[in-house]
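Have a look at the structure below before the remarks.
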Amino acid sequence: QGNEALLGIGVWSIASGSATIADPLDSLSSLTSIGLGINELVWTITNFCSVSTDTVLIVLESPPTVPDAGLDDQFCDNTYSLVANVPLSGVGYWTIVNGTGTLSDSSNATANLTNISLGITELTWTIFNTCDTLIDTLLLERVNTSTTAFAGVDQFTCSTSTNLEGNEAIIGVGTWNVISNTGIVTAPSDSLSEITNLGIGANELEWVISSFCGVTRDTVIITLETQPDPPLVGSDTIICQNFTNLNATPINVGNGEWTLLSGQASITDLTNSKSEITNVGLGDNVFQWKVSNSCAADSVEVIVTRYEIPTLATAGDDTTICGTDYTLTGNTPVYGDGMWNLVSGSANFLDATNPTSTVSNLGVGENILQWTISNACGNNPDLVSITVETSPPIATSGPEQTICGGETLLQGSSPQNGFGEWTFITGGGNINTPSDSTSGVNGLALGQNTLLWTITNSCSSSTAELTINNTGQCQDEDSWN
């Protein structure tokens with residue numbers, strides 16, 4: 001592309017490199033067989049006055065070097081040394097496509113990248129020239145630690161094999177280690193591996209996740225259990241207070257737990273075979289003792305019956321009657337059960353459990369009955385006396401008397417099953433013992449004195465009159481004076 005020689009003659013020449021000039025005298029001549037690299041050509045215009053020259057560089061390039069940005073990588077620090085290839089042909093430069101970071105020299109294949117954020121940073125290494133532009137991508141992941149290891153929750157099993165429950169190692173590599181007992185991990189690098197050959201009792205394992213950033217660990221215990229102990233609670237219990245202790249047999253294999261099925265109570269320690277119970281309600285309170293583990297479960301029930309102290313018994317007032325039948329007057333139990341019993345005498349109860357039962361065939365004389373209110377907490381008895389009387393005997397007062405001196409002995413009949421009493425109808429005097437059928441009497445009034453002898457009981461009464469004529473002072477008495 002030289003300029004036209006308007007004054008003089010122009011000619012092309014090769015200063016360095018190589019090429020074939022089709023027409024050296026043509027300013028616009030074509031070139032062929034151009035050599036790789038820099039080729040320097042000279043355009044010279046001459047005439048008889050002077051010579052003028054100029055040079056031009058024609059560079060023949062090869063395709064750019066194929067870029068290699070390096071292998072994708074994980075790392076912990078916030079700095080990283082890039083390791084791309086140096087271009088043999090073309091010019092290279094770095095570009096941050098995603099993520100954050102600072103390049104020390106974007107045109108340096110081994111530049112340093114600093115201030116790198118956690119996570120993925122995407123870069124490209126580009127090599128270009130006039131022939132082409134080629135790109136390679138590099139993914140860098142900055143992590144700050146290994147995945148936090150979680151070995152799973154503790155397990156209880158009845159089988160000698162089970163599956164582990166570790167978490168996946170997102171960052172790092174996980175490995176199972178057996179710390180105690182005889183378990184064998186089928187695939188130690190599998191977080192969900194099967195474990196076999198478990199020993200009875202606790203088998204402790206460790207799940208370790210490790211990476212170049214560090215190590216995290218967690219342990220899990222897998223307990224191989226045998227059949228649980230049978231639940232034993234003993235006999236049903238009767239109590240009088242509102243508290244007691246349950247009495248199950250302690251458990252060696254398995255876990256025991258109390259449950260209140262019916263009634264009322266507070267269980268102090270649900271897992272204690274001998275737990276105290278308080279606030280126990282009256283009546284039946286049903287408790288369940290359940291023994292279980294991963295192999296089996298069984299339960300039994302026990303009844304704790306609470307009674308109140310029995311009601312204080314009242315059998316009624318003692319009484320005297322004339323017949324052989326009577327309606328009793330015992331009190332109704334609030335707590336406990338009542339029962340009539342014959343202590344002495346004779347009687348037939350229509351209903352011995354009825355506090356107001358009718359009693360028949362009472363014996364003549366005193367009959368002692370007992371009303372007892374009782375339950376498992378005790379007995380409260382009370383006695384009542386029922387005396388059956390017959391009609392009293394017919395009263396007799398003896399023959400009419402004529403006396404002197406104003407005193408004599410009465411001659412009434414015996415009252416036997418009744419009560420006797422002397423009284424004056426007419427006249428007057430002093431009766432020594434009015435209830436004595438043969439009492440003495442003195443101070444009788446002169447003339448006729450009429451006395452009444454009365455025999456009474458609950459059935460009836462009988463009377464008889466006695467006339468005593470007092471003639472006054474006796475003659476013998478006068479002679480004594």
Side-chain angles (χ1 to χ4, degrees), residues 233-244 246-247 260-265 277-288 300-394 415-419 455-462:
V233 294
S235 303
D236 294 340
T237 304
I238 294 174
I239 62 173
C240 301
Q241 66 279 8
N242 69 345
F243 61 91
T244 189
L246 297 167
N247 193 32
L260 176 66
L261 297 182
S262 64
Q264 173 187 320
I277 55 173
T278 59
N279 302 317
V280 180
L282 291 171
D284 290 343
N285 302 275
V286 182
F287 298 85
Q288 180 190 72
V300 291
E301 296 176 7
V302 65
I303 299 174
V304 177
T305 303
R306 178 191 163 199
Y307 289 103
E308 192 62 87
I309 300 299
T311 303
L312 189 66
T314 302
D317 296 328
D318 295 343
T319 188
T320 301
I321 63 173
C322 190
T324 59
D325 296 343
Y326 183 73
T327 299
L328 299 167
T329 58
N331 62 321
T332 299
V334 176
Y335 300 109
D337 299 310
M339 177 68 70
W340 285 106
N341 293 293
L342 177 65
V343 177
S344 65
S346 62
N348 293 325
F349 299 99
L350 180 62
D351 181 0
T353 63
N354 184 352
T356 57
S357 173
T358 298
V359 64
S360 60
N361 297 322
L362 289 163
V364 174
E366 186 179 33
N367 300 274
I368 297 178
L369 311 179
Q370 180 174 273
W371 175 237
T372 303
I373 298 176
S374 62
N375 61 17
C377 295
N379 301 313
N380 277 323
D382 191 37
L383 299 175
V384 63
S385 174
I386 302 174
T387 301
V388 176
E389 295 183 322
T390 58
S391 297
I394 296 173
Q416 297 180 5
N417 62 325
F419 172 76
I455 299 176
T456 62
N457 65 13
S458 61
C459 298
S460 60
S461 63
S462 176

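Computed from heavy atoms alone, side chains included, the values below leave out hydrogens, waters and symmetry copies.
Defined by atom type and a distance below 3.5 Å, a donor-acceptor pair is present between the side-chain atoms of Asn417 and Thr390. In this model, no donor atom of one side chain and acceptor atom of the other lie less than 3.5 Å apart for Glu366 and Thr387.
Proximity of a side-chain donor or acceptor of Asn379 to a complementary backbone N or O of Ser374 within less than 3.5 Å is not detected. Looking only at distances, a side-chain donor or acceptor of Asn331 sits under 3.5 Å from a matching main-chain atom of Leu312. Side-chain atoms of Gln288 do not come within 3.5 Å of backbone N or O of Glu301 as any donor-acceptor pair. Checking side-chain atoms of Thr311 against main-chain N and O of Val334 turns up a donor-acceptor pair under 3.5 Å. Between the Asn285 side chain and the Gly281 main chain, a donor and an acceptor come within less than 3.5 Å of each other. A donor-acceptor pair is defined here as one N or O able to donate and one able to accept, closer than 3.5 Å; no such pair exists between the side chain of Asp318 and the backbone of Val384. A donor-acceptor pair is defined here as one N or O able to donate and one able to accept, closer than 3.5 Å; such a pair exists between the side chain of Ser346 and the backbone of Gly363.
Taking the side chain as every heavy atom from C-beta outward, Asn367 and Ser385 never approach each other to under 4.5 Å. Pro310 places a side-chain heavy atom less than 4.5 Å from the side chain of Cys377. Here the side chains of Gln264 and Val280 are not in contact, with every heavy-atom distance at 4.5 Å or above. At a threshold of 4.5 Å between non-hydrogen side-chain atoms, the residues Val304 and Ile239 count as touching. Side chains of Glu389 and Thr320 form a contact here, defined as non-hydrogen atoms less than 4.5 Å apart. Proximity of Thr319 to Tyr326: side-chain heavy atoms (C-beta onward) are separated by under 4.5 Å at one or more points. Residues Thr456 and Pro392 fail the side-chain proximity criterion, which asks for heavy atoms closer than 4.5 Å. No side-chain heavy atom of Asp236 sits under 4.5 Å from any side-chain heavy atom of Thr305.
The distance from atom CZ of Arg306 to atom CD of Gln241, rounded to the nearest 0.5 Å, is 8.5 Å. The CD1 atom of Ile238 sits 9.0 Å away from the CG atom of Asn375 when rounded to the nearest 0.5 Å. Note that the OG atom of Ser357 and the CG atom of Leu350 stand 5.0 Å from one another [nearest 0.5 Å]. Interatomic distance, Ser344 OG to Leu383 CG, rounded to the nearest 0.5 Å: 9.0 Å. From Ser235, atom OG reaches atom CG of Asn247 across 9.5 Å, with rounding to the nearest 0.5 Å.
Minimum heavy-atom separation, Pro381 to Thr372: CB-OG1, 3.7 Å. Residues Ile373 and Pro333 come closest through the heavy atom pair CG2-CB, 3.8 Å. Here the closest heavy-atom approach between residue Val343 and residue Gln370 is recorded as CG2-CB, 3.7 Å.
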**Asked** Are Leu369 and Asn341 close enough, and set up right, to give a side-chain contact (heavy atoms from CB on, under 4.5 Å), and what steps lead you there?
**Response** CA-CA 6 Å; Leu369 311 179; Asn341 293 293; over 6 Å; no

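Using bins of under 30°, 30° to 60° and over 60° for the plane-to-plane angle, the ring pair Trp340/Trp371 lands in the tilted bin.
For the side-chain hydrogen bond (donor to acceptor under 3.5 Å, both in side chains) test, no residue two or more places apart in sequence or in another chain qualifies with Gln416.
The residue from Asn361, Thr358, Leu328, Asn354 that alone fulfils the side chain to side chain contact (heavy atoms under 4.5 Å, CB included) condition with Phe349 is Leu328.
Among pairs with a residue in residues 325-354, none fulfils salt bridge (charged side-chain N to carboxylate O under 4.0 Å, His left out), at least two apart in sequence or across chains.
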